[in-house]
Amino acid sequence: MQRQRILFIDAYDSFSNSIIALVQAELSVTVESIRIDDPRFVLNDGAFFSYLDGFDAVVAGPGPGHPANAEDVGLIGKLWSLPDEHLLPVLGICLGFQSLCSAFGGHVARLREPRHGIMAMVTHSKKGIFSGAGKVIATQYHSLHVQLEKGEGEVWEPTELWKPSQQCPDLVPLAWDLMSVKNGPILMGVQHSEKPFWGVQYHPESICTNNEGQRLILKWWEEVSSWSAKQGRVVSEVDEDRVDTPTDDAKDMPNIKVADSAAKNVHCSTVDDVLPDVADLVEVLKECSLSAEPLILESGSRNGKPVNPETGRFSIIGLPEASSMHIRYSTARSSLQVVEDGVVSVEKQADIRQVFSFIDDYMRSRKVINGPVGSSFWGGLVGFISYEAGLESIDVPPSVDGSDRPDLWFVFVERSVVLDHVDGVAYVQSLRDGDGEWMSSVKAAVARCGEKAESGVSKVKVSAELLEGPDMEEYCSKVRRCQAELRAGESYELCLTDQSRLNIEADAWSIYRQLRSRNPAPFGAYLRLQDGDGAGFSVAGSSPERFLSWSRSGTCQFRPIKGTVKKGPGVTRAKAEEVLGSAKERAENLMIVDLIRHDLAGVEGVDEVRVPKLMTVEEYETVFQLTSVIEGDVRAPASPIAALAASLPPGSMTGAPKKRSCEILKEIEAGKPRGLYSGVIGYFDVGGGGDFSVVIRTAFKWDDDGDRWRVGAGGAITALSEADAEWEEMVTKRESVLKSLS
Ligand SMILES: C=C(O[C@@H]1C=C(C(=O)O)C=C[C@H]1O)C(=O)O
Ligand SMILES: NC(=O)CC[C@H](N)C(=O)O
C-alpha cells in the first residue's frame, strides 16, 4: 500500500515549510508542495483534478493578499467547487481559511487593528477538529477576518457563536478569538456542514502556538480518515516516475580545476601569550610586507572583552595576495567571473542558484579535514553577497541603477591569522605547503604585537560629513504607505530602509580603525576588494547581527535581531527589557523567528528546527536589541551552503511574507538598490564551516564613488508602529556609524 499523501498548496507564504514540517511530524504521510500558480494546473482544471485524485487530503496555506483576489489564492480557489467525483478533504489555514469561508458566503473585511505576530486565546466549541482540545493559545498573522453575516457598525458582533448564520448556512463556526477589544469577536475556525472542509484563521505551526497546534493536525486527520472511510474514497496510485525531477543547478557550470599541488593540509602554529589588537597586528604585518590588503572579519571588544562572546569570539584576518582566486557575480548581467592569478579564467552566463552550487562544488573540492579544531576558519572564501543577489534568489527582479557592479564577491584566502578572544590563542595558518618561512615571520609579528598590547586607538582622526539622506516627512510617509499595505493584508511586517551618503576624506583603513574603536561589534568587517581593472570596493562595518553560521558538522544557526531600544540616560537594561517585552516588539521578533524557521525547514537534510533562545535582550554600544536563535542540523551529503542559498535576503531585512514584502519595499523604496546594505558578509571555510553577518551599521563605497560612502539604515514597520518613532529608530541606527565617524 502506498504511504498516505497530503498536498500542500503554497500561496508564497513565509511559514509554509513549517506547516509542512508540522504535518510530517504529526502524521506518517508524504507531503508534496505546489505553488498556487503552478503552470501545469492554473489553466487546466482537468489536469488539476486528476492530480488531486492522487492525494488523501490537501492543506491550503496562508499567504499575502485577499481571498477575493484570484491571483492571491490561485489554485486554492478551485478547491471549494470540486466536482463530487474529485472531492477530497481540505484544511485551510489563514488565507486558505478565508478563501474557504468566502466561497461559502462569508464576508472578508479588514480588522480595525491587524493581528500580526499576536498570541491570543482561542475559545472553541470542543467539536470536530477541536474535540478534546484544551486551552488553545495561538499566533495570528492576519489583517483580514471573516464575518459570517453582514456586519453593521464598527465592530461586528455575530448573533450566534456556534450556529451557522443565515448568510453562511454551510459554515459551522468552531472557534473564536474573543480577546480583542478593538476588533470584537474574530472567527478562528469553521467546518463545512457537509463537505470535508475545515479551516483555521490562526497559525498552528508558529513557535508561539501551544501544543494544541499539533493536536489540531491529529484531530483533523482523524476527521479526514473517518470521512474518507465513510465515502469509500480511493486514492489513485501515483506513478513515481511521473514526478518531475528537480533541475540540476550545477549543470553546465564550469569546473574549476583545483591544482593537484593544492594543499590538503592546514599548516598551523599557535601563539597563546597575550593576544595582539587586530588593527595593530594588521599594521605591523603591512609594515613588514607580510600582508597586502587584509580581509578582516573582527569580533569587536570593549575594555579587552568581546562585545558578545557568543557570536563574537573569533577575529579572522585573511591575507590574500595578487594571485588569489576571486569569484564575482553580477545579478544585472547574470554573469559569473572567476579570476585566477590575476587573469579571468571563467566568464559565464549563470543565475544565482548556479553560482551557489558552483561555490558548493568548489568548497567540496577544497575540503580539508585536519586543521586546528579550536580555530573557526582555516582558510577559504571571504566576501559578500548583496541584497539584490538575494532578491534574484527568490525571483523578485532586482532593482538596478545602471551600474555594473558585482553582487557577490569572494576571495579565496590561503593565509590567515585567527584570534580566539575567549581562550586567548592566535592561530597562524597557511594552506600552502612549504610556507614555513612566512609562518614564522607572522608568528613573530603576532608575538611582538601581543607584548606591546597597544590600545588599538586610531592614529588618524576621521571626520564624516552627511551629504544627503532621507527626509523626515518623506520617511514618515513611507512608513504610512507600509502600514496601508499591512492593513490590506499584503504583508505582516515590512523592513523599511533608506540610505545616506557621507563624505569622508580618509582612507578605508583609517575609517575602519575609528569605527571599530567607537562602535565595537561582534561582526566588525573590513574589506578592500580590487579587480585587475582597477575597480575596487571598500567596506567598514560594525554589525551586531549574525545571519547564519554553520559548524563543520553541519549545525546551522540563525540569530535574527528585531526590536531596538536606544541607549541613553535612564535607559537601564531593566528598562530596555520592559520596552522590548511589549507586545509590539515581541510581535516583530516572533514574525522573523517564524519566517526563519520556515527558511531552514525547507533546506534539504534538515529534519528538525529548534529555537534554543526566544527573544533575549542583548546590549551593544549604542542600543539594546531583542535577539532569537534558530538552529537545525543539515545531514550530509546535503550542504549547509544550501541553507544560505535558501534564506537570502535575510528575513530581518525584508519582513514577512518575504517575497511579497520585497516587492512592496522595492516600490516604496523607489527602486533604489540596497547593494551591500541588507546583504551578508562572511566566509566559507575549507573545513566545512561558515559564518555570515547581516550587513547593517556599515559604510561602503566603490572606488569610482570618490570619497562618498553609503550607509543604510531602517527598521521593521508593523501595524502598531508610530511613524516618528520609526524615523527616530532609523536615525539611531544610522548614528551608530555616523557618530563613530565624526
Ligand atoms: C534595518 C536595520 O536593522 C534591522 C532591523 C532591526 C529592527 O527593526 O529592530 C534590528 C536589526 C536589524 O535586523 C538597520 O540597522 O539598518
Ligand atoms: N497569514 C495569512 O494567510 C494572511 C491572510 C490575509 N492576507 C490577511 O492578512 O488576513
Side-chain angles (χ1 to χ4, degrees), residues 11-16 19 60-69 72-73 76 92-99 108-111 114-117 139-146 186 199-203 205-206 387 485-500 521 541-547 559-566 580 584-585 588-589 591-592 594 618 620 622-627 649-657 660 674 677-678 693-698 711-719 721 726 729-737:
Y12 291 90
D13 200 59
S14 284
F15 307 130
S16 307
I19 299 178
H66 194 291
N69 186 353
D72 291 334
V73 288
I76 292 175
I93 297 178
C94 210
L95 184 70
F97 159 85
Q98 295 169 355
S99 174
V108 177
R110 288 187 185 191
L111 289 167
R115 309 274 283 171
H116 295 137
T139 306
Q140 301 173 21
Y141 288 111
H142 62 119
S143 313
L144 311 174
H145 75 134
V146 175
I186 311 172
V200 287
Q201 173 64 77
Y202 60 82
H203 283 249
E205 81 293 350
S206 167
Y387 177 73
E485 299 284 355
L486 299 171
R487 277 194 300 274
E490 297 294 326
S491 172
Y492 321 143
E493 166 164 344
L494 288 162
C495 185
L496 177 67
T497 74
D498 209 333
Q499 300 203 18
S500 303
S542 58
S543 171
E545 184 171 351
R546 165 172 288 155
F547 176 51
R559 280 183 89 99
I561 292 182
K562 198 92 318 209
T564 303
V565 172
K566 182 182 178 176
L580 293 171
K584 173 185 176 291
E585 302 291 333
E588 271 186 33
N589 195 287
M591 276 187 261
I592 302 308
D594 276 338
E618 291 185 342
Y620 294 97
T622 58
V623 285
F624 287 98
Q625 305 258 234
L626 199 56
T627 307
S652 60
M653 299 307 290
T654 64
R660 183 72 61 95
R674 291 188 185 179
Y677 172 64
S678 302
S693 62
V694 178
V695 183
I696 50 178
R697 332 282 153 92
T698 293
V711 176
I717 311 299
T718 66
S721 295
E726 293 302 334
E729 184 172 325
M730 185 279 288
V731 170
T732 300
K733 288 171 181 161
R734 184 180 64 178
E735 293 289 277
S736 64
V737 176

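Whatever order the structure lists ligands and atoms in, that order sets their numbers, starting from 1.
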For the side chain of [X] and the backbone of [Y], is there at least one donor-acceptor N/O pair under 3.5 Å apart?
| X | Y | result |
| --- | --- | --- |
| Ser143 | Pro114 | no |
| Ser491 | Ala656 | yes |
| His203 | Glu205 | no |
| Gln98 | Leu144 | yes |

Note to self: Please work out, at 4.0 Å between heavy atoms, whether the side chain, the backbone, both, or neither of Ile696 comes within that distance of ligand 1.
What the structure shows: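 Under 4.0 Å from ligand 1, Ile696 contributes side-chain atoms alone.
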Notebook entry, point to check: At under 4.0 Å between heavy atoms, which part of Met730 makes contact with ligand 1: side chain, backbone, both or neither?
Noted result: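 No part of Met730 is near ligand 1 at this cut-off.
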Show me a pair-per-line table, with atom names and distances to 0.1 Å, of protein N or O atoms that are under 3.5 Å from an N or O of ligand 2.
from: ligand 2; atom 1: 1 (N); to: Tyr141; atom 2: O; distance (Å): 2.8
from: ligand 2; atom 1: 1 (N); to: His203; atom 2: NE2; distance (Å): 3.1
from: ligand 2; atom 1: 1 (N); to: Tyr492; atom 2: OH; distance (Å): 3.0
from: ligand 2; atom 1: 3 (O); to: Gly63; atom 2: N; distance (Å): 2.8
from: ligand 2; atom 1: 3 (O); to: Gly63; atom 2: O; distance (Å): 3.3
from: ligand 2; atom 1: 3 (O); to: Leu95; atom 2: N; distance (Å): 2.8
from: ligand 2; atom 1: 7 (N); to: Gly63; atom 2: O; distance (Å): 3.1
from: ligand 2; atom 1: 7 (N); to: Gly65; atom 2: N; distance (Å): 3.4
from: ligand 2; atom 1: 7 (N); to: Gly65; atom 2: O; distance (Å): 2.6
from: ligand 2; atom 1: 7 (N); to: Gly489; atom 2: O; distance (Å): 3.0
from: ligand 2; atom 1: 9 (O); to: Ser143; atom 2: N; distance (Å): 3.0
from: ligand 2; atom 1: 10 (O); to: Gln98; atom 2: NE2; distance (Å): 3.0
from: ligand 2; atom 1: 10 (O); to: Ser143; atom 2: N; distance (Å): 3.0
from: ligand 2; atom 1: 10 (O); to: Leu144; atom 2: N; distance (Å): 2.9

Any idea which protein heavy atom is nearest [atom], and the distance to it?
| atom | result |
| --- | --- |
| atom 15 (O) of ligand 1 | Arg697 NE, 2.7 Å |
| atom 8 (O) of ligand 1 | Ala716 N, 3.0 Å |
| atom 5 (C) of ligand 1 | Lys562 NZ, 3.0 Å |
| atom 6 (C) of ligand 1 | Lys733 NZ, 3.2 Å |
| atom 13 (O) of ligand 1 | Glu545 OE1, 2.7 Å |

Give the numbers and elements of all ligand 1 atoms closer than 4.0 Å to a heavy atom of [X].
| X | answer |
| --- | --- |
| Gly715 | 1 (C), 8 (O) |
| Ser652 | 13 (O) |
| Gly714 | 1 (C), 2 (C), 14 (C), 16 (O) |
| Tyr677 | 1 (C), 2 (C), 14 (C), 16 (O) |
| Gly563 | 7 (C), 9 (O) |
| Ala713 | 16 (O) |

Next item on the list: Answer yes if the side chains of Asp13 and Tyr141 hold a donor-acceptor pair under 3.5 Å, and no otherwise.
Entry: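 Short answer, no.
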Margin query: Side chains of Thr622 and Glu735: any donor to acceptor distance under 3.5 Å?
Written below: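 There is no such pair between these side chains.
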Check: Between Pro67 and Asp72, is any pair of side-chain heavy atoms under 4.5 Å apart?
Finding: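 SC-SC contact between Pro67 and Asp72 ruled out.
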Notebook entry, point to check: Of the listed options (Glu729, Arg674, Met653), which comes nearest to atom 4 (C) of ligand 1 when hydrogens are ignored and any heavy atom counts?
Noted result: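 It is Met653 whose heavy atom sits nearest to atom 4 (C) of ligand 1.
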Next item on the list: Any chance you could measure Ile19, atom CD1, to Ser206, atom OG, to the nearest 0.5 Å?
Entry: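 Reported value, rounded in 0.5 Å steps: 10.5 Å.
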Next item on the list: Verify side chain to side chain contact (heavy atoms under 4.5 Å, CB included) between Ile186 and His142, making sure each step is shown before the conclusion.
Entry: CA-CA 11 Å; Ile186 311 172; His142 62 119; 3.7 Å; yes
Next item on the list: Determine, stepwise, if the pair Lys733 / Val623 fulfils side chain to side chain contact (heavy atoms under 4.5 Å, CB included).
Entry: CA-CA 8 Å; Lys733 288 171 181 161; Val623 285; 5.6 Å; no
Check: Considering residues, nucleotides and ligands other than Lys584, do more than 12 of their heavy atoms fall under 6.0 Å from its NZ?
Finding: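 Yes.
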Checklist line | Heavy-atom pair with the smallest gap, counting every atom of Met653 and Ser678 | finding: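 In terms of heavy atoms, the two residues are closest at CE-OG, 3.3 Å.
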Notebook entry, point to check: Which heavy atom in Ala11 sits nearest to a heavy atom in Pro62, and how many Å separate them?
Noted result: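 For Ala11 and Pro62, the tightest heavy-atom pair comes out as CB-O, 3.4 Å.
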Check: Is Thr564 close to ligand 1, meaning an N/O of one under 3.5 Å from an N/O of the other?
Finding: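 Yes, Thr564 has an N/O under 3.5 Å of an N/O on ligand 1.
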